[in-house]
Amino acid sequence: MFRQEEIFVGGWQEKTIEAMQRRRFEQMVGQLPPLGAGRLEALAPAALMRKIEQSWQDIERKPMRAQQIAEVWNTVLSTLDQQADCLSHEEHELVERALILGGSAQIEDAVELEAARALSLRLWASVGLVSGKPYVELELPVVRPVAKAFSRPEHEQIRQRFQAFGSYLSGTLYRVGAMDDRQPQQLILREVFGGKKQQDELLMQLSRRYLWASYDCVDYSGGVMLVHPALADPHHLIVSGRRKSGLLLPPAEEPRGCMDILPEEIPLQAELERAIAGALRDGHRGSDVARNLRYLCKQGAPLSALEEVLQSSLIVYLSASMRGALSNMYYMTPKWIESTECAALQ
């Protein structure tokens, strides 16, 4: 989903993926109304028109409220099968859980809350609070149709192709940090939909909405940039011209899983995990701490900042072995944004 602008007043400690998701979750929850207030039928006329204008549907304006509501559901339901095929992984899981639970489900974290936001933009659901906790509620007109859409044999086939595509794109995004959304959109049309419908306007729109719902996005002067969720400040990559021809190619073979670490980074992370084992504060895991430091390293954090972030996770002072493992990670990890210190050594 599209990121809101953020000022990192706490330095690199506030740029870890957990810190960013926690702030995003708290910010979004603080803006939610009570559950039910966001249903289309419950909105005031002006709020209904704003909702329609902000949605991912192209809906004609009608003079009377009843006509407008009917036009909304005619538009949504007429393409529901194709929309169901093009949900993000998180949206799909959230809809399945809501269907099992009778139409609504509690939202557990920032990732699910952003999936719920995407569903509200599709006009499938409303999002709100129940006793201070966020919930998603499917709009009644879509409950049975979407259950039928999920049960279609072709739906499972398309979802499998989306899963393979998503794993490949996530791995590519981990390597490059950020990229323009137009190349993956064309790859979806070719790899998921077979390339025969690349001029289909609806599929082009749904492909782009799949990307917007599946990945962090930011606007820039040339379009929309997909960014890795751990990349706190993507503007350095945007100005460096990440939109390059030939950057994204069809996968040679079906990916085995979502790659979130490069082969050359595996021993670096393992070394750091061994060095900090037994020295972490309660609630911290060595794999998570090392992963966060690797992410910070990839986005250009200086070595001094990495040491500060690591120290905050420890119950002891940094040892020589910890510094050595952290230095190896710092100098040998491929980076999205090159740090000044590393660049000076090249």
Side-chain angles (χ1 to χ4, degrees), residues 1-4 18 20-44 47-57 59 69 72-73 75-77 79-152 155 159 162-163 166 205-206 208-217 229:
M1 289 295 294
F2 283 84
R3 290 187 180 183
Q4 299 181 15
E18 283 91 353
M20 289 190 293
Q21 289 183 341
R22 182 182 65 252
R23 287 194 303 275
R24 196 180 303 182
F25 183 75
E26 293 172 350
Q27 183 182 40
M28 288 188 292
V29 168
Q31 298 171 349
L32 291 178
L35 185 65
R39 296 189 195 113
L40 294 186
E41 287 79 2
L43 296 176
L48 175 63
M49 297 314 302
R50 286 196 300 271
K51 178 77 171 179
I52 292 173
E53 290 170 357
Q54 295 167 357
S55 77
W56 286 351
Q57 303 287 344
I59 299 170
I69 293 290
V72 167
W73 295 126
T75 303
V76 172
L77 296 177
T79 60
L80 193 69
D81 286 357
Q82 292 162 299
Q83 291 186 59
D85 294 341
C86 297
L87 296 178
S88 71
H89 175 74
E90 292 77 16
E91 284 179 291
H92 201 280
E93 287 195 337
L94 196 55
V95 171
E96 286 184 320
R97 194 162 84 239
L99 288 173
I100 292 171
L101 296 175
S104 65
Q106 184 176 344
I107 297 168
E108 302 294 340
D109 54 32
V111 175
E112 287 191 353
L113 186 49
E114 294 196 338
R117 286 177 57 207
L119 290 170
S120 71
L121 291 172
R122 297 182 193 276
L123 303 181
W124 282 30
S126 62
V127 188
L129 300 176
V130 176
S131 300
K133 296 180 180 180
Y135 277 75
V136 62
E137 180 183 48
L138 298 179
E139 293 278 7
L140 187 59
V142 307
V143 172
R144 288 189 177 180
V146 76
K148 292 179 61 177
F150 279 9
S151 67
R152 294 154 43 241
H155 176 74
R159 293 306 300 176
F162 263 122
Q163 182 177 1
Q205 290 181 3
L206 292 177
R208 203 168 201 201
R209 291 167 191 164
Y210 166 84
L211 294 171
W212 292 356
S214 300
Y215 301 94
D216 281 11
C217 305

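In this text, all values refer to a predicted model and were calculated from it rather than measured experimentally.
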Report yes if some heavy atom in the side chain of [X] is under 4.5 Å from a heavy atom in the side chain of [Y]; otherwise report no.
| X | Y | answer |
| --- | --- | --- |
| V142 | W73 | yes |
| L119 | L87 | yes |
| Q57 | V72 | no |
| L123 | I59 | yes |
| Q21 | V111 | yes |

Taking atom types as modelled, find out whether W124 and E91 have a side-chain donor-acceptor pair closer than 3.5 angstrom.
no

Side chains of Q205 and R209: any donor to acceptor distance under 3.5 Å?
yes

With rounding to the nearest 0.5 Å, note down the distance linking [atom1] in [X] to [atom2] in [Y].
| X | Y | atom1 | atom2 | value |
| --- | --- | --- | --- | --- |
| Y135 | S104 | OH | OG | 7.5 Å |
| M28 | L113 | CE | CG | 4.0 Å |
| D216 | M20 | CG | CE | 8.0 Å |
| L129 | I107 | CG | CD1 | 9.0 Å |
| K51 | S126 | NZ | OG | 7.5 Å |
| E96 | E93 | CD | CD | 7.0 Å |

Aromatic rings W212 and F2: how do their planes relate, parallel, tilted or perpendicular, breaks at 30° and 60°?
perpendicular

Over 60° means perpendicular and under 30° means parallel, so classify the ring planes of H92 and F150, tilted if in between.
parallel

R117 and V127: CA distance, side-chain angles, deciding distance, side-chain contact (heavy atoms from CB on, under 4.5 Å) verdict
CA-CA 7 Å; R117 286 177 57 207; V127 188; 5.7 Å; no

Nearest heavy-atom pair of [X] and [Y]: which atoms, and what distance?
| X | Y | result |
| --- | --- | --- |
| L32 | P134 | CD1-CB, 3.9 Å |
| R97 | Q106 | NH2-O, 2.8 Å |
| E139 | G38 | OE2-O, 4.2 Å |
| V146 | L80 | N-CD2, 3.5 Å |
| F25 | D109 | CD1-C, 3.5 Å |
| R122 | V76 | O-CG2, 4.1 Å |

Please evaluate residues D81 and K148 with respect to the criterion side-chain contact (heavy atoms from CB on, under 4.5 Å), reporting the C-alpha separation (whole Å), side-chain torsions for both, the decisive distance (0.1 Å), and the verdict.
CA-CA 9 Å; D81 286 357; K148 292 179 61 177; over 6 Å; no

So, using side chain to side chain donor-acceptor pair (under 3.5 Å) as the criterion, who are the partners of R39 when residues are at least two apart?
E137

